[in-house]
Amino acid sequence: MMLEIDGWKVNIKFAAAHFIPSHHKCSRLHGHDYGIKMRIYGVEKDGILYDFVALKKEVRGICDSLDHHILIPRRSEKIKVEEKGENVEVRFGGKFYSIPKGDVAFIDADIPSAEELAKYIGGEVIKKVKFPSNVRGFELCVEEGPGQGACEYFELEGER
Ligand SMILES: [Zn+2]
């Protein structure tokens with residue numbers, strides 16, 4: 001059985017700015033409306049796969065932490081990031097940005113692509129949400145505008 005959540009329709013989305021180094025057009029600072037889609041896989045228990053009200057709240061919270069921020073990856077070989085006083089200094093490919101700390105959302109990723117965001121947000125979901133044992137795994141998709149995005153599958157293991 002599969003249960004689906006479409007963030008564009010149930011308000012699990014955010015707007016943020018990013019840049020992708022080594023990509024001609026996308027290396028310039030620009031923004032997207034991001035929407036989250038989730039598919040939850042498992043076996044129903046008493047006719048229900050999963051009551052996802054709490055899940056939606058947690059994923060919305062993760063989206064809120066990114067909303068209206070500039071997404072800066074924490075572990076990147078291509079992007080050099082340094083915290084200096086009240087600012088975050090970012091250097092890549094001969095470019096230099098100095099951004100007020102409050103405008104930055106750090107993500108645990110190499111580059112702030114939809115693929116890496118899907119892995120990051122899915123990892124945060126696993127940290128925050130206690131799924132029941134009949135849920136076997138979930139797929140988390142990050143769309144840059146409706147209809148184009150990247151999905152990562154997360155297998156849930158062990159006793160829960
Ligand atoms: Zn982009």
Side-chain angles (χ1 to χ4, degrees), residues 2-41 52-129 131 135 137-156:
M2 185 265 281
L3 195 151
E4 202 168 29
I5 297 170
D6 181 343
W8 297 109
K9 292 177 181 162
V10 297
N11 192 30
I12 305 177
K13 53 190 180 177
F14 61 98
H18 78 164
F19 46 78
I20 307 291
S22 317
H23 187 285
H24 168 63
K25 194 168 132 190
C26 298
S27 66
R28 298 196 292 264
L29 185 65
H30 65 280
H32 295 281
D33 281 324
Y34 291 94
I36 305 295
K37 280 188 177 171
M38 283 187 82
R39 291 185 195 95
I40 292 138
Y41 298 93
F52 51 78
V53 173
L55 171 70
K56 286 200 294 183
K57 190 167 164 259
E58 290 294 350
V59 185
R60 266 192 208 112
I62 297 165
C63 288
D64 286 347
S65 71
L66 305 173
D67 192 35
H68 287 68
H69 285 83
I70 300 173
L71 308 177
I72 301 292
R74 263 198 203 285
R75 45 176 177 85
S76 179
E77 287 175 11
K78 291 182 178 147
I79 304 168
K80 194 166 172 280
V81 179
E82 248 181 306
E83 293 190 38
K84 278 228 177 116
E86 293 305 303
N87 281 39
V88 175
E89 295 191 348
V90 179
R91 288 177 175 83
F92 69 96
K95 295 186 183 188
F96 170 66
Y97 294 103
S98 182
I99 308 160
K101 265 185 189 168
D103 291 8
V104 170
F106 285 111
I107 56 164
D108 187 20
D110 184 38
I111 56 167
S113 60
E115 291 86 340
E116 292 282 299
L117 277 171
K119 286 192 229 169
Y120 167 71
I121 294 171
E124 293 297 298
V125 168
I126 286 180
K127 280 186 212 164
K128 292 180 158 80
V129 177
F131 288 97
V135 173
F138 67 88
E139 190 175 51
L140 190 138
C141 305
V142 173
E143 293 192 343
E144 292 184 345
Q148 50 180 5
C151 301
E152 178 78 327
Y153 180 73
F154 297 84
E155 182 92 39
L156 296 166

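When a ligand or atom number is given, it counts from 1 through the structure's own listing order. All of these numbers come straight from a predicted model, not from anything done at the bench.
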Report task. Output, in order, the C-alpha distance, side-chain angles, deciding distance and verdict of side-chain contact (heavy atoms from CB on, under 4.5 Å) for Phe154 and Val125. Result -> CA-CA 10 Å; Phe154 297 84; Val125 168; over 6 Å; no

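For the side-chain contact (heavy atoms from CB on, under 4.5 Å) criterion with Leu29, the lone passing option out of Val90, Ile70, Ile99 is Ile70. With Phe138 as the partner, the ring pair (Phe, Tyr, Trp, His ring centres under 6.0 Å) test is satisfied by one option alone out of Tyr41, Phe52, Phe131: Phe131.
Every residue two or more places apart in sequence or in another chain that forms a ring-ring contact (aromatic ring centres under 6.0 Å, His included) with Tyr97 is listed here: Phe19.
For the pair Glu144/His18, a side-chain contact is recorded, criterion being any heavy-atom separation below 4.5 Å from C-beta on.
Look at Lys84 and Glu89 and you find a salt bridge, because one of the NZ, NE, NH1 or NH2 atoms lies within 4.0 Å of a carboxylate O, short of that distance.
Listed by chain and residue number, the protein N/O/S atoms under 2.8 Å of the Zn ion (ligand 1) are His18 NE2, His30 NE2, His32 NE2, with waters left out.
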